[in-house]
S.K.: 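Sending over a structure as structure tokens; questions will come in a sec.
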Amino acid sequence: MFNFSFDKRIGYVVIAIMVLSTITTYINHPSALFMLLVSIPGVLIAITFHEFAHGFAAYKLGDNTAKNEGRLSLNPLDHLDPIGSLMLLLAGFGWGKPVHVNPRNYTRKIAMEKGEAIVSAAGPIMNLLLAFVFTLVYYAIKRFAGLEFLDSTVGGIIMLLISATISTNIGLGVFNLIPLPPLDGSKIVMPFLSYKAKQWFTNNEPIFSLIFVVLWITGLAGIIISPAINWITTGILSLGKLILG
């Protein structure tokens with residue numbers, strides 16, 4: 001995503017509440033802490049590749065802003081946002097440090113608006129592609145690794161890491177497709193709107209941003225996108241199983 005500009009103090013309050021809730025869960029269910037730790041590599045991979053994809057797509061369209069700022073990198077430290085990363089760990093959806101782009105530098109072969117849509121879509125598409133790749137890895141291991149490995153502690157942890165990476169990438173990808181500012185989906189839908197609809201959307205962007213914050217804080221965002229996440233997860237797993245199952 002490109003910009004997440006609401007008051008960060010709201011984020012800190014939400015994170016504090018979620019951390020307290022998570023600590024309570026850990027006290028009652030110690031295994032939850034293990035699952036949280038298992039999800040960390042998936043979070044690093046999902047956010048890093050998501051933000052890299054934004055910068056790379058912009059670069060291919062002629063904008064060097066991300067490259068000049070060192071964002072064409074697969075180093076997680078270049079892309080992690082503290083609040084967004086914690087949200088992805090605790091809530092299953094989140095964001096990375098915004099990648100700065102300058103649409104005016106895009107190639108003149110396509111409209112600026114379409115260029116913005118392509119760059120915005122690159123992040124979620126990358127996450128869904130990663131989910132599919134790790135699904136293939138998951139089923140390849142199940143098919144070709146021996147039962148001794150799969151039944152071992154190391155094998156079990158590796159399979160959990162891969163599963164968590166799949167689910168995290170799907171969650172991040174789908175979440176960012178919500179067509180509300182500041183998420184990627186808000187830029188993706190623009191080329192498909194009529195002129196009047198675009199004006200209305202632009203004029204009311206602060207309201208949409210507020211709606212998003214409410215959905216985020218209340219947890220309704222997760223509820224809304226759960227059907228899409230479940231549907232896409234089922235589809236990716238089914239395709240992977242069909243190929244390597």
Side-chain angles (χ1 to χ4, degrees), residues 1-16 18-19 22-23 26 32-61 63-103 105 116 118-134 137 157-158 160-177 181-185 187 216 221:
M1 89 182 49
F2 296 101
N3 184 29
F4 202 85
S5 57
F6 77 94
D7 193 337
K8 288 295 181 71
R9 289 174 296 183
I10 297 176
Y12 293 133
V13 172
V14 174
I15 288 295
M18 297 191 70
V19 167
T22 303
I23 291 174
Y26 293 155
L33 176 59
F34 173 74
M35 293 307 299
L36 178 66
L37 295 176
V38 165
S39 68
I40 290 176
V43 168
L44 295 177
I45 291 171
I47 290 179
T48 298
F49 277 84
H50 180 101
E51 299 302 335
F52 168 81
H54 284 318
F56 184 74
Y59 174 72
K60 297 301 288 186
L61 288 176
D63 178 33
N64 291 328
T65 303
K67 180 181 179 181
N68 294 337
E69 293 183 354
R71 299 302 298 280
L72 293 188
S73 164
L74 292 178
N75 181 352
L77 296 179
D78 293 330
H79 302 290
L80 296 183
D81 177 273
I83 293 180
S85 301
L86 282 173
M87 283 299 296
L88 196 54
L89 277 171
L90 300 176
F93 55 86
W95 57 90
K97 188 189 304 180
V99 169
H100 299 129
V101 299
N102 187 351
N105 294 330
E116 286 190 279
I118 291 172
V119 173
S120 297
I125 289 174
M126 173 64 80
N127 289 129
L128 297 180
L129 286 174
L130 281 173
F132 179 64
V133 169
F134 277 96
V137 172
I157 292 176
I158 289 175
L160 282 174
L161 288 170
I162 296 173
S163 297
T165 301
I166 294 170
S167 61
T168 301
N169 272 283
I170 293 175
L172 182 63
V174 174
F175 174 68
N176 275 281
L177 289 175
L183 300 175
D184 298 324
K187 296 282 178 58
W216 173 55

S.K.: Measuring from atom CG of Leu128 to atom NE2 of His50, what distance do you get when rounded to the nearest 0.5 angstrom?
M.R.: 10.5 Å
S.K.: Any idea which heavy atoms bring Phe52 and Leu74 closest together, and the distance?
M.R.: CG-CD2, 3.7 Å
S.K.: Measure the spacing between CG of Asp184 and CG of Leu177 and express it to the nearest 0.5 Å.
M.R.: 7.5 Å
S.K.: Within a radius of less than 6.0 Å around OH of Tyr59, do more than 12 heavy atoms belonging to other residues, nucleotides or ligands occur?
M.R.: no
S.K.: Strictly distance-based, threshold 3.5 Å: is any side-chain N or O of Arg71 a donor or acceptor partner for the main-chain N or O of Lys97?
M.R.: yes
S.K.: Restricting to non-hydrogen atoms, name the atom on Thr168 and the atom on Ala46 that form the minimum distance, rounded to 0.1 Å.
M.R.: CG2-CB, 3.9 Å
S.K.: Under the 3.5 angstrom rule, does the side chain of Asp63 hit a backbone N or O of Asn102 as a donor-acceptor pair?
M.R.: yes
S.K.: Compare every heavy atom of Leu72 with every heavy atom of Phe56, then report the nearest pair and how far apart it is.
M.R.: N-CD2, 3.3 Å
S.K.: As an exercise, state the distance from OG of Ser39 to CG of Leu44, rounded to the nearest 0.5 Å.
M.R.: 9.5 Å
S.K.: Partners of Ile118 by side-chain contact (heavy atoms from CB on, under 4.5 Å), sequence neighbours excluded?
M.R.: Leu61, Ile110
S.K.: Mind checking the CG-CD1 spacing from Asn169 to Ile47? Nearest 0.5 Å is all I need.
M.R.: 10.0 Å
S.K.: Counting only N and O atoms by type, is there a donor-acceptor contact under 3.5 Å from the side chain of His79 to the main-chain atoms of Ser73?
M.R.: yes
S.K.: How long is the span from the CG atom in Asn176 to the NE2 atom in His54, to the nearest 0.5 Å?
M.R.: 6.0 Å
S.K.: Which heavy atom of Ala66 sits nearest to which heavy atom of Val99, and what is that distance?
M.R.: CB-CG1, 3.8 Å
S.K.: Locate the shortest heavy-atom distance separating Pro124 from Gly173; write the atom from each residue and the value.
M.R.: CB-O, 3.6 Å
S.K.: How long is the gap from CD1 on Ile170 to CG on Leu130, to the nearest 0.5 Å?
M.R.: 11.0 Å
S.K.: Using the test side-chain hydrogen bond (donor to acceptor under 3.5 Å, both in side chains), find all partners of Asn75 that sit at least two apart in sequence or belong to another chain.
M.R.: none
S.K.: Work out which heavy atom in Phe175 is nearest to a heavy atom in Leu183; give both atom names and the distance.
M.R.: O-CD1, 3.4 Å
S.K.: Indicate yes or no for a side-chain donor-acceptor contact from Ser167 to the backbone of Ala164 under 3.5 Å, with no hydrogens or angles considered.
M.R.: yes
